[in-house]
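Below, all heavy atoms of this structure are taken into account, side chains as well, without hydrogens, waters or symmetry copies.
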Amino acid sequence: MRRVTINAFELPFDTVLSELDRRLASDWTFKGGRILGSMCGDPHPVAYEAYQRYLAANIGDTGLVPGLVELEEEICQLVGTWWGRPQVSGRLVTGGTEANLLALWTAKILAREGQDEVILPESAHFSFEKAALVLDLKLKKIPVDAWGRADVEAARRAVNQRTLALVAIAGSTALGAVDSLPDWADLAVQTGLFLHIDASFGGFVLPFLQEAGFPAPAFQWREGYSSVTLDPHKMGRGPIPSGLLLWKDQQTAQATALAVGYLSGGRTRLNTVVGTRSGASVAAVWAVLKHLGRQGYVEIVRQAMEDAHWFTSAVAQVPGVEPVLKVPDLNVVGVRPLKRRADAVSGALRQKGWALSQWTDFFRVVVMPHVTRELLKSFLSDLQEEIP
């Protein structure tokens, strides 16, 4: 059994770091590019640098860090502008899970007595299951079509007096599918319900698709949207963890705010799930947004989409498999084996050094910036060996 000690000086500084490297040497990293199933990736170098500089900063104690508070506001305004609503109010949080929970918490506070049901697609992220447990809500899931998009008419039929909120997906976890957001917005307006858009993955892809030369599903903020989740630590090239929740306005954002009087920076109101929040993440996300700018993201999205479309076409040429979607909405490609079990194929590919995401009858490749076309060609070669 390994001996545990509370002596902080048992090992020299350099020895501890060497031991750390040794202990974690077998862990997967994005550097090699062979993680194909993750919607996260290697942060941009400027994010590394900014994060390290402000590692000790806590933006939860707002009075101590007015500069970081200003940077967070700039992040929200810039991303809101890309989504067509610069007047949003937002917070940088740990990721999509916290942002989705915070959105439903907001909806619950604003709801009438007796409203406790959330209508959302079957394609929704499992974070909504956790949010429902924490907030004591009920989920009513509606089916998705062959393209992975939610059936809005089924959602309309599901609305009743107990309905608390609607949730639409802009970049599903399984296939990167984007729901018909204008139809969801219309339903929200007609019913007066809170509409949350989970764009954890699509948030940093959709605004740049058209300029990158690809069809863009309608996403721009419109009447009916109440909040949107976007994850900088996915296609935003931000640090892990970094998520973003944008509310439609300051009044909506303050629904969850609680007064806090004990902080060193003085009395304030906090409207996030956690109190202590990473100022380093705020600094890093701001640095990436400012460094890349709109054109930088256009180029990232262009390369990812070109490779995703190339890969989809290449998969279609491999006997024994097929792409789940012939034309992906975003840079996510589902691969369905036709003769072998999907988990058997993905398991065999893992033994060859590929980390994939597994669903019932297909596995998924996310063409992130660290996934190059040369790596995809190598993967296809190994895939062909595993398909009879």
Say whether, by atom type as modelled, one donor and one acceptor occur between the side chain of [X] and the main chain of [Y] under 3.5 angstrom.
X: S172; Y: G176; answer: yes
X: S278; Y: N58; answer: no
X: T256; Y: N271; answer: yes
X: D179; Y: A150; answer: yes
X: D231; Y: H233; answer: no
X: Q220; Y: G84; answer: yes
X: Q115; Y: T163; answer: yes
X: T15; Y: L11; answer: no

To the nearest 0.5 Å, tell me how far [X] [atom1] sits from [Y] [atom2].
X: L193; Y: L166; atom1: CG; atom2: CG; answer: 5.0 Å
X: M368; Y: D307; atom1: CE; atom2: CG; answer: 13.0 Å
X: Q87; Y: Q250; atom1: CD; atom2: CD; answer: 12.5 Å
X: L139; Y: I142; atom1: CG; atom2: CD1; answer: 12.0 Å
X: R34; Y: R350; atom1: CZ; atom2: CZ; answer: 12.0 Å
X: R237; Y: C40; atom1: CZ; atom2: SG; answer: 12.0 Å

Determine, using the 4.5 Å side-chain heavy-atom cutoff (strictly less than), whether [X] and [Y] are members of one ILVMFWY cluster.
X: L195; Y: F128; value: no
X: W354; Y: L376; value: yes
X: V333; Y: L325; value: no
X: I169; Y: V178; value: no
X: W28; Y: L349; value: no

Item to check | V152: side-chain contact (heavy atoms from CB on, under 4.5 Å) partners, not counting sequence neighbours | outcome: D183, W184, L187
Identify the heavy atoms of [X] and [Y] that sit nearest to each other, and give their distance.
X: D198; Y: S200; result: OD1-OG, 2.6 Å
X: A284; Y: P239; result: CB-CG, 3.6 Å
X: V301; Y: A212; result: CG1-CB, 4.2 Å
X: A158; Y: K140; result: O-NZ, 3.0 Å
X: A177; Y: G148; result: CB-O, 3.4 Å
X: G320; Y: I387; result: CA-CG2, 3.5 Å

Checklist outcome for this item: Sequence neighbours excluded, the answer for salt bridge (Lys or Arg N to Asp or Glu O under 4.0 Å) partners of E385 is K352
Item to check | Residues forming a salt bridge (Lys or Arg N to Asp or Glu O under 4.0 Å) with K326, sequence neighbours excluded | outcome: none
Is there a side-chain contact between [X] and [Y] in this structure, where contact means two heavy atoms from C-beta onward sitting under 4.5 Å apart?
X: L356; Y: F362; answer: no
X: T97; Y: L101; answer: no
X: M39; Y: V332; answer: yes
X: V327; Y: T312; answer: no
X: R364; Y: T173; answer: yes
X: L104; Y: F194; answer: no
X: E386; Y: R340; answer: yes
X: R373; Y: F311; answer: no

Checklist entry - Does the pair M235 and N331 meet the rule for a side-chain contact (heavy atoms from CB on, under 4.5 Å), with working shown? => result CA-CA 10 Å; M235 286 293 287; N331 47 311; 3.5 Å; yes
Item to check | Salt bridge E322-R336, side-chain N to carboxylate O under 4.0 Å | outcome: yes
If only side-chain N and O atoms count, and only distance matters, is there a donor-acceptor pair under 3.5 Å linking [Y] with [X]?
X: W247; Y: T106; result: yes
X: H196; Y: S226; result: no
X: S346; Y: Q358; result: yes
X: D249; Y: T252; result: yes
X: D42; Y: Y48; result: yes

Checklist entry - Would you say the ring centroid of F214 lies under 6.0 angstrom from that of H309? => result yes
Checklist entry - Can K141 and E122 be said to form a salt bridge (Lys or Arg N to Asp or Glu O under 4.0 Å), step by step? => result CA-CA 5 Å; K141 295 187 178 181; E122 292 177 344; over 6 Å; no
Next on the checklist: Using a 6.0 Å cut-off, check whether atom CG of D136 has over 12 heavy atoms from anything other than its own residue.
Outcome noted: no
Checklist entry - Is atom CZ of R294 surrounded by more than 12 heavy atoms (other residues, nucleotides or ligands) closer than 6.0 Å? => result yes
Next on the checklist: Checking F201 against T229 for the side-chain contact (heavy atoms from CB on, under 4.5 Å) test, could you report, in this order, the C-alpha distance in whole Å, the side-chain angles of both residues, the deciding distance, and whether it holds?
Outcome noted: CA-CA 9 Å; F201 187 73; T229 290; over 6 Å; no
For residues 65-79, please give each side-chain donor-acceptor pair under 3.5 Å, one per line with the distance, not counting sequence neighbours.
from	atom 1	to	atom 2	distance (Å)
E72	OE2	L92	N	2.9
E72	OE2	R277	NH1	2.7
E74	OE1	W286	NE1	2.9

Checklist entry - Given the rule in the side-chain hydrogen bond (donor to acceptor under 3.5 Å, both in side chains) test, do S127 and N100 qualify, once you have shown the distances and angles that lead to the verdict? => result CA-CA 7 Å; S127 58; N100 289 336; 3.0 Å; yes
Item to check | Selection residues 147-156 - residue pairs positive for side chain to side chain donor-acceptor pair (under 3.5 Å), sequence neighbours left out | outcome: R149-D329, E153-R156, R156-Q190
Item to check | V324/L175 under side-chain contact (heavy atoms from CB on, under 4.5 Å): CA gap, chis, key distance, verdict | outcome: CA-CA 8 Å; V324 178; L175 294 169; 3.8 Å; yes
Next on the checklist: For K138 and D116: C-alpha separation, side-chain torsions, deciding distance, then whether side-chain contact (heavy atoms from CB on, under 4.5 Å) applies.
Outcome noted: CA-CA 6 Å; K138 298 178 178 63; D116 62 356; 3.1 Å; yes
Item to check | ring pair (Phe, Tyr, Trp, His ring centres under 6.0 Å) contacts touching residues 75-102 (sequence neighbours left out) | outcome: W82-F208, W82-Y297, W83-F219
